[in-house]
Structures are given as C-alpha cells and as structure tokens.
Amino acid sequence: MILETIQTYNDVKKVPMEQMPQLAQEIRDFLIDTLSRTGGHLASNLGAVELTLALHYVFDLPKDKLIWDVGHQAYTHKILSGRKEGFASLRKLGGMSGFPKREESPCDSFDTGHSSTSISAGLGYVMARDLKKESYSVVSIIGDGALTGGMAFEALNNAAELKKNFIVVLNDNDMSISPNVGGLSSYLNNLRTAEAYTDLKVGVTGALSKIPNVGEKMVNTLRKTKNSLKQLMIPGMFFEDMGITYLGPVDGHNVRQMVKVFQDAKRMEGPVLVHVLTKKGKGYGPAMRHPARFHGTTPFQIDTGIPASKGGKSTYTDIFSTVMRKFGDREPQVVAVTAAMTTGTGLKRFGNMFPERFFDVGIAEEHAVTFAAGLALGGLVPVVAVYSSFLQRAFDQMMMDVCMQNLHVVFAVDRAGLVGSDGETHQGAFDLSYLSLMPNMTVMAPKNKWELSDMMKFAVHHNGPIALRYPRGEAYDGLEEYREPIALGKWEVLQRGKDIALLAVGSMVQTAWKVCQALKEQGISATCVNARFVKPLDFSLIAELVKDHRLLVTMEENVHNGGFGEQVTAWVKEQRMEADVLNVSIPDTFVEHGGVEQLRKKLGLDEENILRRIQDWQEEQQE
C-alpha cells in the first residue's frame with residue numbers, strides 16, 4: 001500500500017504523480033473504515049482528499065503554513081503529516097482532536113473549529129513573515145459555506161492591499177452543513193458554469209502558442225489583458241474587482257491540475273484566490289447522497305451508511321423541532337431563523353412546511369440576530385436557533401440590537417453545556433455567563449423534555465429578549481410528575497428537606513435528583529430545586545431556603561465565572577445571609593474533547609464528586 005509509505009510530513013512528495021489516484025483511494029478507504037467505528041466528520045473529509053494531497057505535494061511543511069477554516073476537513077492533512085495511528089483515538093478523551101491543534105503537530109498552524117477565520121489568521125501570518133523578513137508560503141483553505149461569514153469578507157478586503165504573496169484556496173463543494181444559500185452561492189454557481197470563459201482561454205492560448213516566433217509574445221499580451229477578458233466572460237469578477245488574482249475553477253479531484261495551479265499561485269505577487277471544485281462525500285455513495293447527514297456522523301455500517309446503533313429516545317433538538325412545527329400551525333406570527341444549521345437545530349420540518357416563514361441566512365450569526373431584531377420590530381416573533389458555541393459570535397448584536405431595544409426575540413440555544421467529542425471550540429460552556437449579563441434578557445433552562453416544550457410556549461408569549469438553553473443528546477424523560485406552571489423568575493421545588501439545598505440548572509437537575517436520593521440514604525433530607533430561571537433568579541426562594549439550610553449547592557454545566565453559581569453566591573453575600581454556598585460548575589478553562597460522561601467526571605460534575613464535596617463540607621463543619 002502506498003499509504004504505508006507516508007510516515008511523516010513531506011513523505012507524499014516521494015509518491016509519483018501517476019500513483020496519486022491510488023493513494024487518494026487508499027486514504028478514502030482508511031477514512032471510511034476508521035470513521036465507521038469512531039464516528040467523526042466524514043463527508044467534508046472525503047471531498048478534500050485530492051486537494052490536501054496537492055497542497056502537501058507543492059508546499060513544504062511545517063515551514064509553509066496551511067490554515068484550515070473550521071478544520072473539520074483536515075483528516076487527510078493529519079494523515080499526511082504523520083498522524084495516521086492517532087485515528088484509533090480520534091475525538092476520544094486524551095486522544096487526537098478532530099480539528100487542527102498546534103500542540104499535536106508543527107504542521108497545524110492555527111487552532112480552529114469555528115468558521116470564517118482562516119483568511120484573517122493567514123493575513124496575520126503574512127504580515128508577520130514580511131515584517132520579520134522571513135520566507136515561507138501562507139495558504140488559507142476556506143469552504144464556500146464559510147466564505148459567507150462576514151469576517152471572511154473583512155479579511156479579503158484587507159488582503160487586497162497586500163503586495164506580497166498570499167494564497168486563499170476556496171474549496172467549493174456547494175455545501176456548508178446544510179446546502180449553501182444567498183447571493184454568494186449564486187455567484188459561485190455562475191463561476192462553476194462559466195465554461196465559455198475557460199474554454200476560450202484554453203483554446204486561444206493553445207492556438208497562439210503554436211505560432212512560431214510571435215505566439216508566446218501574443219500569449220503574454222493576452223495575459224496582461226486578462227481582466228478585461230474575464231469581465232466580458234464572467235459577470236462581476238468579484239474577487240478580481242477587489243484586487244485579488246483569481247485562478248480557476250479547477251477540478252478539485254485532479255491532483256495534477258491542482259499542483260500546477262498551486263505552483264503558479266506561489267510565484268504570483270499579491271493575494272491569489274484559487275477556486276477549487278470538489279464533491280462533498282466523494283467516493284462513498286451514502287455520504288454523496290446525504291452529505292448533511294454525514295457531516296458529523298456516529299459509527300455506521302459501511303455497506304449501507306446506517307448508524308451502527310439504532311436511535312434511542314428523542315433528543316432535545318427533536319422536541320424543539322416538534323414544538324416549532326406546532327407553532328407553525330397555531331402561531332402565524334412565529335418565524336424561524338438559523339445560520340446554516342437547518343438540520344442540526346431541528347428546523348428542517350418547519351422550513352419544509354412553512355418555507356415563507358423560515359430563513360437560513362448562511363454562516364452569519366451576527367446577521368441572523370440583527371435580522372431577527374428587524375423581524376421583531378416588524379411585528380413577528382423570530383425564533384433564532386443556534387448552537388451555544390456559535391451564538392457567542394453574535395454577542396454584540398444580542399446586546400445592542402436586541403436587548404438594548406428590548407425586542408421580543410427568542411433564542412433557542414442548542415448544544416448548551418458539554419457537547420463532547422468536538423472539543424474546545426464546540427462546548428457550550430459560556431452561554432449562561434454571557435446571556436445573564438445582558439440587560440432585559442431572560443434566561444431559562446429545562447430539566448426534561450416536557451419542560452422544554454412548556455418553556456418554548458412561555459418564550460413565544462413572553463415580551464422581550466428571552467433565551468432557552470438545552471443540551472445535546474437524548475432528552476431526559478424523568479421527573480414527569482413535576483410540571484409546575486412556568487412563571488417568570490420562579491423556580492420549582494422538587495423535594496423539600498433541610499440543612500442542604502441543591503439548586504440545579506437544566507441538565508444538572510437529573511444529577512441533583514440522584515444526589516438528593518443518595519443523601520436521603522445517608523439520613524440527610526435535602527431540598528432539590530429546579531432553578532429553571534437563571535435570569536431573573538428566584539431571590540425570594542433563596543431567602544426562604546437560607547432560613548433552614550446551612551449549605552446551598554449550585555449546579556450548572558457552565559463556567560464558574562459569571563455563571564449561575566457565582567450570581568447566587570454574590571447575592572447571598574450582599575444580603576449578609578448566614579449560609580455557605582458550594583458551586584459545582586466548569587472550571588475557568590477550555591474543555592477538551594471526549595465523551596460527555598467522561599468529561600463530567602473529570603470536571604467534578606458527576607454524582608460521586610458532588611457527594612464527596614458535600615461530605616468534605618460536612619466534615620469541615622464538625623471540626
């Protein structure tokens with residue numbers, strides 16, 4: 001096998017060009033086999049195999065810098081840089097990350113996981129290189145989905161001023177996670193089909209080159225007038241108009257073609273954009289037919305693509321999807337907004353049934369939020385469904401465009417808390433902190449699937465900004481008998497006791513209930529509270545509990561700084577109340593990849609660790 005000869009970076013340069021198709025197939029076979037057992041990002045990586053081979057063939061790593069936007073398509077890059085054996089532990093606790101990580105290899109130039117960052121980072125590298133008078137190539141690889149993000153355009157605008165070489169590779173597969181939308185997508189479609197220009201360029205150049213003596217001079221003259229020619233044949237020439245040299249489109253599954261284009265791009269002055277056409281999921285039928293489903297997949301059966309384990313209970317996203325579909329029927333003023341996450345956020349059904357009330361704005365969270373502000377001012381009730389980690393990107397828009405104007409926008413914050421195998425860039429560990437500090441914002445979290453439904457109804461009929469955060473994965477269906485009507489800022493007491501009170505938020509209510517039952521077995525009758533509102537806090541209940549409880553234990557899947565527990569502790573101290581407060585939360589750190597239950601145990605959020613901390617407190621009281 002040719003793949004066995006790739007042991008470290010730059011080994012691919014030893015592979016003859018005619019063997020590249022075989023090597024590409026071996027890499028695809030390896031990825032399909034491995035990910036069928038581990039899960040991971042499959043479709044995007046299958047589409048980028050030849051592109052990565054060409055990049056590694058032309059550029060010298062780690063001297064040259066390859067910067068992958070988002071980074072979930074960098075599996076082949078990891079293989080070619082000597083990390084093939086690491087795939088056995090892909091995305092597992094202590095194992096190899098599913099994204100580029102500088103601590104893993106000198107060939108990883110930038111830690112990533114969010115979109116639209118690569119051009120900015122690459123531009124920074126270029127400026128540093130030139131100021132230090134160093135010599136290396138910088139290549140930013142960005143997908144057509146990520147190119148819809150505003151930050152990418154800001155960077156392109158800045159890059160256009162460069163006089164030094166900088167290469168941007170546009171990996172155009174017509175997909176982000178969901179199919180691409182908007183004007184840029186339409187523009188790229190025009191570029192993809194601009195065969196008239198490509199055919200004319202090849203035909204004329206080839207014919208002129210054959211003319212003795214004067215042919216080459218005429219070709220050079222023609223090249224100097226390429227801008228005029230492109231303007232005639234391809235409407236707009238957006239990138240050239242910005243001052244960025246455009247090369248392509250080029251077949252993203254032909255290594256030889258891409259090698260030639262990349263070698264040409266290396267020699268050019270100023271910024272160059274190489275437009276590469278690829279097919280997401282290439283080489284694996286199920287992934288090509290269902291690229292969104294195979295964007296991030298669980299283990300699956302290779303022959304059919306069917307998940308290895310049958311789906312269990314409904315997820316919180318499933319519950320949200322059902323509730324939104326019902327709103328579509330009953331509440332004509334409700335509209336839905338998402339940022340290229342139609343399937344991931346559960347809005348596909350709503351979008352199919354009510355297309356005129358569904359808006360996928362592309363990878364543009366900032367725009368999504370301010371767009372929702374306009375919808376609210378127009379008399380509608382927008383529900384913005386975004387993953388917790390991605391909503392961070394729209395902090396300013398939430399603060400200034402929604403909260404400052406006190407507009408009724410509902411934020412459905414999916415993947416809140418620990419997400420797991422995607423690691424630091426995807427953990428929803430900060431939303432309680434950043435949402436709680438916004439004036440006029442109301443923040444809720446459901447304890448189970450029924451409360452998610454009830455909270456959505458409350459949120460849609462609320463007046464003002466309101467956020468509902470819920471975790472990834474199966475929806476908890478316990479504590480069904482506890483379903484007090486929701487009232488603004490009022491918590492739910494699930495069990496009355498004394499001495500110790502557990503105040504738990506959202507996903508931690510299930511753990512709090514288990515801790516309460518364990519304490520009961522020890523002869524301690526504790527109080528268990530579903531702190532369903534993080535803002536406003538239920539100050540009256542806290543004051544009541546302090547009267548006959550010596551210890552309040554706050555529990556949340558959020559960082560301590562600015563979180564629920566810190567807010568409760570601050571208020572108790574301000575009121576000079578006689579009670580200790582023990583905060584169970586995520587430390588002030590970025591949480592690595594791994595299984596959610598493994599991470600909870602490591603971070604001290606599991607039942608055993610919480611009981612131990614309560615026991616330690618009890619022993620301190622007896623001293």
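No hydrogens, no waters, no symmetry mates; every other heavy atom, side chains included, goes into these values.
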Open item on the list: For the backbone of Val381 and the side chain of Gln333, can you confirm whether one donor and one acceptor N or O come within less than 3.5 Å of each other?
Closed with: no
TODO: With rounding to the nearest 0.5 Å, note down the distance linking CG in Asn440 to CG in Leu407.
DONE: 9.5 Å
Open item on the list: So does His72 get a backbone contact from the side chain of Asn45, meaning a donor-acceptor N/O pair under 3.5 Å?
Closed with: yes
Task: Spatial distance of atom OG1 (Thr425) from atom CG (Asp111) [nearest 0.5 Å] - done: 9.5 Å
- [ ] Evaluate the criterion salt bridge (charged side-chain N to carboxylate O under 4.0 Å, His left out) for residue pair Glu619 and Arg613; output intermediate values, then yes/no.
- [x] CA-CA 10 Å; Glu619 290 174 357; Arg613 291 185 64 186; over 6 Å; no
Task: Approximate separation, where rounding is to 0.5 Å, of Leu502 CG and Lys514 NZ - done: 14.0 Å
Open item on the list: Under a 3.5 Å distance rule, please check whether Ser89 uses its side chain to pair with a backbone N or O of Gly95 as donor and acceptor.
Closed with: no
TODO: Apply salt bridge (charged side-chain N to carboxylate O under 4.0 Å, His left out) to Lys449 and Glu480, showing your working.
DONE: CA-CA 9 Å; Lys449 65 181 185 180; Glu480 179 182 2; over 6 Å; no
- [ ] Answer yes if the side chains of Glu331 and His461 hold a donor-acceptor pair under 3.5 Å, and no otherwise.
- [x] yes
TODO: Determine whether the side chains of Gln495 and Gln517 contain a donor N or O and an acceptor N or O closer than 3.5 Å.
DONE: yes
- [ ] Decide, yes or no, whether a salt bridge links Asp580 with Arg550 under the criterion of side-chain N to carboxylate O below 4.0 Å.
- [x] no
Open item on the list: Distance check, rounded to the nearest 0.5 Å: Gln598 atom CD versus Leu603 atom CG?
Closed with: 11.5 Å
Open item on the list: With a 3.5 Å distance limit and no angle check, can you tell me whether Gln73 reaches the backbone of Gly71 through a side-chain donor-acceptor pair?
Closed with: yes
Task: Side chain to side chain, Phe327 and Met456, heavy atoms closer than 4.5 Å - done: yes
TODO: Check whether any side-chain heavy atom of Pro536 sits under 4.5 Å from a side-chain heavy atom of Leu488, and report yes or no.
DONE: yes
Open item on the list: Is a donor from one side chain sitting under 3.5 angstrom from an acceptor on the other, for Asp318 and Thr315?
Closed with: yes
Open item on the list: Contact between Trp571 and Ile542 at the side-chain level, heavy atoms closer than 4.5 Å - yes or no?
Closed with: yes
Open item on the list: Treating Glu592 as the side-chain partner and Gly423 as the backbone partner, does any N or O pair qualify as donor plus acceptor under 3.5 Å?
Closed with: no
Task: Whether Lys535 side chain and Phe564 backbone form a donor-acceptor pair below 3.5 Å - done: no
Task: Straight-line distance of Gln397 CD to Cys403 SG, nearest 0.5 Å - done: 11.5 Å
TODO: Would you check if the side chain of His408 reaches a backbone N or O of Ala459 as a donor-acceptor pair within less than 3.5 Å?
DONE: yes
Open item on the list: Distance alone, cut at 3.5 Å: any donor-acceptor contact between the side chains of Thr317 and Asp414?
Closed with: yes
Task: Main-chain N/O of Ser97 paired to Glu104 side chain as donor or acceptor, under 3.5 Å - done: yes
Open item on the list: Between Lys602 and Glu608 (salt bridge meaning N to carboxylate O under 4.0 Å), is one present in this structure?
Closed with: no
Open item on the list: Pairing donors with acceptors under 3.5 angstrom, does anything connect the side chains of Thr569 and Asn583?
Closed with: yes
Open item on the list: So, applying salt bridge (Lys or Arg N to Asp or Glu O under 4.0 Å) with Asp108, which one of Lys101, Arg83, Arg102 is it?
Closed with: Arg83
Open item on the list: Do His114 and Ser389 pair up side chain to side chain, a donor and an acceptor below 3.5 Å, judged on atom types alone?
Closed with: yes
Task: Side-chain donor-acceptor pair present, Asp538, Ser540, cut-off under 3.5 Å - done: yes
Task: Trp450 backbone acceptor or donor facing Ser453 side chain under 3.5 Å - done: no
Open item on the list: I'd like to know if the side chain of Thr554 and the backbone of Leu503 have a donor-acceptor N/O pair within less than 3.5 Å.
Closed with: no
Task: Arg357 NZ/CZ over Phe354 ring centroid, <6.0 Å and within 45° of normal - done: yes
Task: Separation of Asp69 CG from Thr117 OG1 (nearest 0.5 Å) - done: 4.5 Å
Open item on the list: Under a 3.5 Å cutoff, is there a donor and acceptor pairing between the side chains of Asn609 and Arg612?
Closed with: yes
TODO: For Glu451 and Asn530, test the side chains for any donor-to-acceptor distance below 3.5 angstrom and give the result as yes or no.
DONE: yes
Open item on the list: Taking the side chain as everything from C-beta on, heavy atoms only, tell me whether Tyr387 gets closer than 4.5 Å to Thr345.
Closed with: yes
Open item on the list: Under the side chain to side chain contact (heavy atoms under 4.5 Å, CB included) test against Glu566, which residue among Asn558, Val581, Asn561, Val559 passes?
Closed with: Asn561
TODO: With the side chain counted from C-beta on, respond yes when Val443 and Phe533 share a heavy-atom pair under 4.5 Å apart, and no when they do not.
DONE: no
Open item on the list: Is it the case that the side chains of Arg393 and Ser116 hold a donor-acceptor pair, with the cut-off being a distance below 3.5 Å and no angle test?
Closed with: no
Task: Full working for ring pair (Phe, Tyr, Trp, His ring centres under 6.0 Å) between Phe300 and Phe294 - done: CA-CA 10 Å; Phe300 59 91; Phe294 281 89; 5.6 Å; yes
Task: pair Thr527-Ile500: side-chain heavy atoms closer than 4.5 Å - done: no
